[in-house]
Structures are given as structure tokens and as C-alpha cells.
Asks: 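Could you have a look at this structure, given as C-alpha cells, before my questions?
By convention in this document, chain letters (A, B, ...) are assigned in the order of the sequence lines, proteins followed by strands, and residues within each chain are numbered from 1. Computed from heavy atoms alone, side chains included, the values below leave out hydrogens, waters and symmetry copies.
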Protein chains: 2
Amino acid sequence: MTDKQRRKPGETRDKLMAAALALVGKGRHFASLGIREVTRQAGVVPTSFYRHFRSVDDLGLQLVDELGLVLRRMMREARANVLQADKLIEESVGIFVAHAQANRSFFRFMAQGLAGESRAVQEEIRSEMRFFASELANDLRRLRLMEHLSDADLDLTCDLVVRTVAFSLTDLLSISEDDDYQIAQVRKRTTRFLQLVFVGAANWNSGSA
Amino acid sequence: MTDKQRRKPGETRDKLMAAALALVGKGRHFASLGIREVTRQAGVVPTSFYRHFRSVDDLGLQLVDELGLVLRRMMREARANVLQADKLIEESVGIFVAHAQANRSFFRFMAQGLAGESRAVQEEIRSEMRFFASELANDLRRLRLMEHLSDADLDLTCDLVVRTVAFSLTDLLSISEDDDYQIAQVRKRTTRFLQLVFVGAANWNSGSA
DNA sequence: CACATTAGTGAACACTTGTACACATCAGAG
DNA sequence: CTCTGATGTGTACAAGTGTTCACTAATGTG
């Protein structure tokens with residue numbers, strides 16, 4: 001009666017996902033969310049939930065898919081904006097931080113999922129990170145950087161880079177959204193971490209391992 | 001009536017903490033634990049919980065303290081067993097993996113807490129990691145390693161080392177407890193990560209930043 | 001020994017939770 | 001048009017939740 005008309009298909013589905021994300025953004029942990037809580041936040045009756053998801057974990061899985069899109073957008077922007085090789089690290093970190101700020105809830109969900117209780121979500125996020133690392137390796141190859149490294153060693157390096165950035169994510173999420181000074185600190189520190197890694201990669205002789 | 005006699009003081013408290021840890025070890029996320037659930041697992045009546053903790057988060061805080069002890073034990077063993085400098089990394093990683101396996105629930109709790117919903121727990125764990133990094137820096141100074149680095153750069157390096165190991169923790173926890181092959185893989189990969197970092201530190205010239 | 005304190009118990013409370021069921025409305029296929 | 005399936009709503013219920021209360025047994029201190 002009140003407001004029954006069916007809008008665009010999948011609208012309620014989106015509202016539910018957005019609601020879960022909003023709760024996570026408010027500081028809640030995804031693992032502690034309940035169906036009723038999510039539907040309440042979405043302004044939908046609890047029963048509607050089952051029309052789109054079998055459980056909260058299922059919703060989580062679909063959120064990871066959307067997270068993948070966010071990450072790909074970020075990657076695209078990084079590729080388009082990083083021009084000179086000497087500022088490569090600094091600019092990439094800047095873009096990462098900017099995206100993390102713009103999609104705080106998404107990235108918080110990602111950080112939570114890494115040690116979350118749903119094995120499936122965990123594996124999906126891990127897989128996204130692997131993909132990211134392999135794309136980074138491709139880019140470095142294409143830019144003719146780190147050419148002295150074997151494929152395996154380049155993968156190793158890129159994996160470490162992605163992990164380092166991912167960890168910085170937890171730093172970023174633990175500080176206030178608009179504490180520009182601290183944000184800049186994280187950006188600087190992350191940049192130095194990556195420089196350290198790349199100096200290591202540049203001086204890596206594969207025979208040593 | 002049934003079994004009222006008071007045993008050693010703090011016994012129920014320990015049972016409650018052990019129960020929470022056991023649930024985490026079974027794959028549950030700490031943020032999703034409830035008071036009744038924990039007391040049930042501990043074999044104690046719900047009311048008893050309030051004699052020792054004000055909330056589940058409070059219990060979490062006390063758990064971090066115990067986690068600190070576990071970490072210090074690990075550090076002591078590492079200091080005692082690492083003899084030759086050339087095997088320093090490999091042996092340290094080995095000791096870390098061994099402890100992580102022996103105290104799986106504790107370390108799982110730590111990994112969860114890093115992106116957990118209790119700001120306080122998060123900050124405590126972060127503080128433990130900082131302490132760990134600073135102790136590592138002390139050790140490296142004492143061993144006359146990395147003497148060309150400024151204090152700030154040494155801190156940077158040690159911080160990155162600790163983060164890298166912490167991230168490996170999530171790898172370790174995501175694989176089966178007794179999949180020896182995969183465990184060895186994680187150990188090898190982590191070792192290489194750290195070697196990469198230290199090669200970077202060895203070739204780091206502080207003027208570049 | 002007496003006594004205040006501490007640490008345990010069970011019953012009760014007002015809510016919240018997940019899920020099932022029957023029903024209403026809409027979109028599109030025949 | 002009618003029929004069908006998808007998507008929405010309200011009601012209902014049993015089970016689980018956090019917390020309070022009054023009560024009891026053991027402990028250590030004076």
C-alpha cells in the first residue's frame with residue numbers, strides 16, 4: 001500500500017548493499033551485521049533481503065565484486081596519470097590515497113575481509129590483490145623497468161608492493177577522515193616504504209636466493 | 001549448588017578469555033561474539049561475565065595484553081636462537097611461523113583486531129607492533145648491522161619488516177593448520193620479502209628522500 | 001571467630017533476531 | 001487481455017540476546 005511500486009530492477013538490491021557498506025563505514029564490522037540491521041538501514045522490510053541474498057555472507061561476496069570495479073577504476077586512473085617514471089611511486093600512492101578516501105567504506109570492508117570470518121570473501125579479496133599485483137608487474141615490464149629481474153622475482157616485488165599498500169590502508173582508515181596532516185604522513189611513509197622495496201629490487205641479484 | 005566452590009582466583013576470568021579465543025580459533029570473528037555465547041563456551045552462567053568484564057570489547061582489550069606476552073616470548077626466543085647473521089632472516093621467520101602455529105587463535109585474534117571494530121583494541125595492537133619494530137631496530141644496532149642508516153631510516157625499515165611479517169600472518173592463517181607444504185611456501189616467500197627489504201636498506205642512501 | 005568482599009548461581013525482563021507464510025503488485029510473454 | 005514469475009509488504013513465532021536482581025557460598029582480613 002504505502003509504497004509498493006516496483007522501481008528499476010535491482011534497486012532494492014543496491015540499497016541493501018549500500019546499507020551494509022554504510023554500516024561498515026560507520027565503524028561496524030561486517031561480520032557482526034545482521035539481516036534485520038541491514039534491511040532497517042536500507043529502509044526495507046526484512047523479508048525483502050531473501051529476494052536478493054541468501055545470507056549476509058552472500059551479500060559480502062557480491063560486495064567484493066563491486067570492490068573489484070572500484071579497484072579497476074583506480075588502476076585505470078593511475079595508468080593514465082603517471083607520466084614521469086621518477087615520480088611514479090609518489091603519484092601512484094597519491095592516487096591510491098585519494099581513492100581510499102573517496103571510497104572509505106569500500107576499503108574498510110576490504111581491510112576487514114582480509115581477516116574476516118567468511119573464507120569465501122577472504123579468498124576473493126586475496127584474489128583481487130593477486131590480480132592487482134600481476135597487472136602491476138605487466139606495467140613495469142611494459143615501461144621497461146626492472147628488466148634485470150626474472151619473472152618470479154618481479155612477481156615477488158609486486159606482491160610485496162601491493163601488501164605494503166594494503167597495510168597502509170589500515171593506517172589510513174584508523175585516522176580521522178579529514179586529518180589532512182596525518183593523511184599526508186601516511187602518504188609519505190608509504191611512499192618511502194615503496195622506495196625501499198624498489199631500491200631492494202634494483203639491487204637484487206637473483207642468484208642470491 | 002552444583003559446583004559453587006571458588007577455585008583459584010581469576011580462574012573464571014581465564015576461562016572466559018580462553019573461551020573467546022577458542023571461538024575465534026574456530027573461525028568466528030571476535031566482533032561477532034556475544035556475552036552469552038562466550039559464557040556458554042566457557043561453561044559459566046552469563047551473569048558471571050560481568051564480574052570480570054564490562055563488555056566483550058573489554059575482554060578483547062585484556063586479550064591484547066596477553067597477546068603482548070606471547071609476542072615477547074617469541075622475541076626472546078628469536079634473540080636466543082639467532083646466531084649467525086647470514087641466517088638471521090630465515091631463522092627469525094621460522095621462529096615466527098612456529099609461534100604463529102602454536103598460538104593460532106591468538107594470532108588470528110591479532111589479525112582480526114587490526115581492522116576490528118574496537119578502536120581501542122586496534123590501537124593497542126598497533127602499539128604492540130610499534131614496540132616490536134623498535135626492539136628490532138635496537139637489535140640491529142647492537143649487532144652492528146645497517147650502521148649506515150640514520151635512526152629514522154632504520155625505524156622505517158624495521159616498521160616495514162614488521163608489517164610484512166604481519167601480513168604474512170594472514171596468509172598463514174588462511175591455510176590449513178597442518179598443510180606443511182603450504183606453510184613452507186609462506187615461510188620461503190616471507191623470507192624473500194624480508195631479504196628484498198634488507199637489500200633495499202643496504203643500498204639506501206638517505207639523501208635520496 | 002566474625003564479617004565484609006568477592007565470585008559464583010538461577011530466574012526474569014524486555015528486546016532483537018532469523019526465518020516462514022500468505023498476500024499484493026508490477027512487468028513482460030503468450 | 002490473461003497468466004506467470006519476480007519483487008515487494010505485513011504478520012507471526014520460536015529462539016537467542018544483554019542486563020538486572022536477589023541469593024549463596026567461599027575467602028581473606030581484622
Side-chain angles (χ1 to χ4, degrees), chain A residues 1-24 26-63 65-66 116-121, chain B residues 1-24 26-63 65-66 116-121:
Chain A
M1 279 306 153
T2 50
D3 208 6
K4 175 76 82 38
Q5 60 271 50
R6 178 117 107 297
R7 339 230 172 185
K8 301 171 220 121
E11 195 197 1
T12 303
R13 203 189 85 111
D14 291 351
K15 272 202 285 188
L16 287 170
M17 292 208 273
L21 217 49
L23 289 169
V24 168
K26 278 190 208 164
R28 299 291 316 280
H29 196 291
F30 186 80
S32 74
L33 297 184
I35 288 180
R36 283 190 114 103
E37 196 179 4
V38 173
T39 55
R40 198 182 312 127
Q41 167 84 22
V44 169
V45 91
T47 344
S48 282
F49 187 91
Y50 296 101
R51 302 287 184 197
H52 305 278
F53 312 100
R54 292 146 103 218
S55 64
V56 186
D57 277 357
D58 184 26
L59 187 152
L61 275 179
Q62 315 223 27
L63 268 182
D65 290 346
E66 279 207 24
E117 74 180 350
S118 160
R119 182 73 55 156
V121 168
Chain B
M1 282 303 156
T2 50
D3 206 8
K4 174 76 83 37
Q5 60 270 51
R6 175 119 105 295
R7 339 232 171 183
K8 301 172 220 118
E11 197 196 359
T12 304
R13 203 189 86 111
D14 291 350
K15 272 202 285 189
L16 287 170
M17 292 208 274
L21 218 48
L23 288 169
V24 168
K26 279 191 206 162
R28 299 291 316 279
H29 196 291
F30 187 80
S32 74
L33 296 184
I35 288 180
R36 285 191 115 103
E37 195 180 5
V38 173
T39 55
R40 197 182 312 127
Q41 167 83 22
V44 169
V45 92
T47 340
S48 283
F49 187 92
Y50 296 101
R51 300 286 183 198
H52 306 277
F53 312 100
R54 291 144 104 222
S55 65
V56 186
D57 276 357
D58 183 27
L59 187 152
L61 273 178
Q62 314 224 26
L63 226 35
D65 291 346
E66 279 208 24
E117 74 179 351
S118 160
R119 182 74 56 158
V121 168

Asks: Side chains of A:R13 and A:Q62: closer than 4.5 Å at any heavy-atom pair?
Replies: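 They are in side-chain contact.
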Asks: In whole angstroms, how far is the P atom of C:dA7 from the CZ atom of B:F53?
Replies: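 Rounding to the nearest Å, CZ of B:F53 and P of C:dA7 are 12 Å apart.
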Asks: Could you tell me which non-hydrogen atom of B:G60 sits nearest to which non-hydrogen atom of B:V121, and how far apart they are?
Replies: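 Looking at all heavy atoms of both residues, the shortest contact is C-CG2, 4.0 Å.
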Asks: Pull out every residue in residues 29-42 of chain A that has a heavy atom closer than 4.0 Å to any atom of DNA chain D, ordered by number, or say none.
Replies: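 The stretch gives A:R36 as the residues lying under 4.0 Å from the strand, ordered by number.
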Asks: Could you list the protein-to-nucleotides 20-22 of chain C atom pairs, N/O on both sides, closer than 3.5 Å?
Replies:
none

Asks: Would you mind reading off the distance between A:R13 atom CZ and D:dA6 atom C1', rounded to a whole angstrom?
Replies: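 Rounding to the nearest Å, CZ of A:R13 and C1' of D:dA6 are 15 Å apart.
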Asks: Give the rounded distance in Å between these two atoms: CG of B:D58 and P of D:dG18.
Replies: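 From B:D58 CG to D:dG18 P: 15 Å.
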Asks: Separation of A:H52 atom NE2 from D:dT7 atom P, in whole Å?
Replies: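 Going from NE2 in A:H52 over to P in D:dT7 covers 6 Å.
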Asks: Do A:L59 and A:F49 make a side-chain contact, defined as non-hydrogen atoms from C-beta onward lying under 4.5 Å apart?
Replies: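 A side-chain contact exists here, since the closest heavy-atom pair is under 4.5 Å.
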Asks: I need the B:E117 CD to A:L23 CG distance, nearest 0.5 Å.
Replies: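 If I round to the nearest 0.5 Å, the distance is 11.0 Å.
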Asks: Calculate the interatomic distance between B:F49 atom CZ and D:dT19 atom P; express it in whole Å.
Replies: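 It works out to 9 Å between those atoms.
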Asks: Please report the distance, rounded to the nearest Å, between CG in B:D14 and P in C:dA7.
Replies: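 Computing the B:D14:CG to C:dA7:P distance gives 12 Å.
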Asks: Are A:L61 and A:F53 close enough that some pair of their side-chain heavy atoms sits under 4.5 Å apart?
Replies: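 No - every pair of side-chain heavy atoms lies 4.5 Å or more apart.
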Asks: Heavy atoms, side chains only, cut-off 4.5 Å: are B:T39 and B:V45 in contact?
Replies: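 The answer is no; the side chains never approach within 4.5 Å.
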Asks: Picking from B:L63, B:V38, B:T12, what satisfies side chain to side chain contact (heavy atoms under 4.5 Å, CB included) with B:M17?
Replies: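 Only one option passes, and that is B:L63.
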Asks: Would you say that B:R28 contacts B:Q41 through its side chain, given a criterion of any heavy-atom pair below 4.5 Å between the two side chains?
Replies: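 No, their side chains stay 4.5 Å or more apart.
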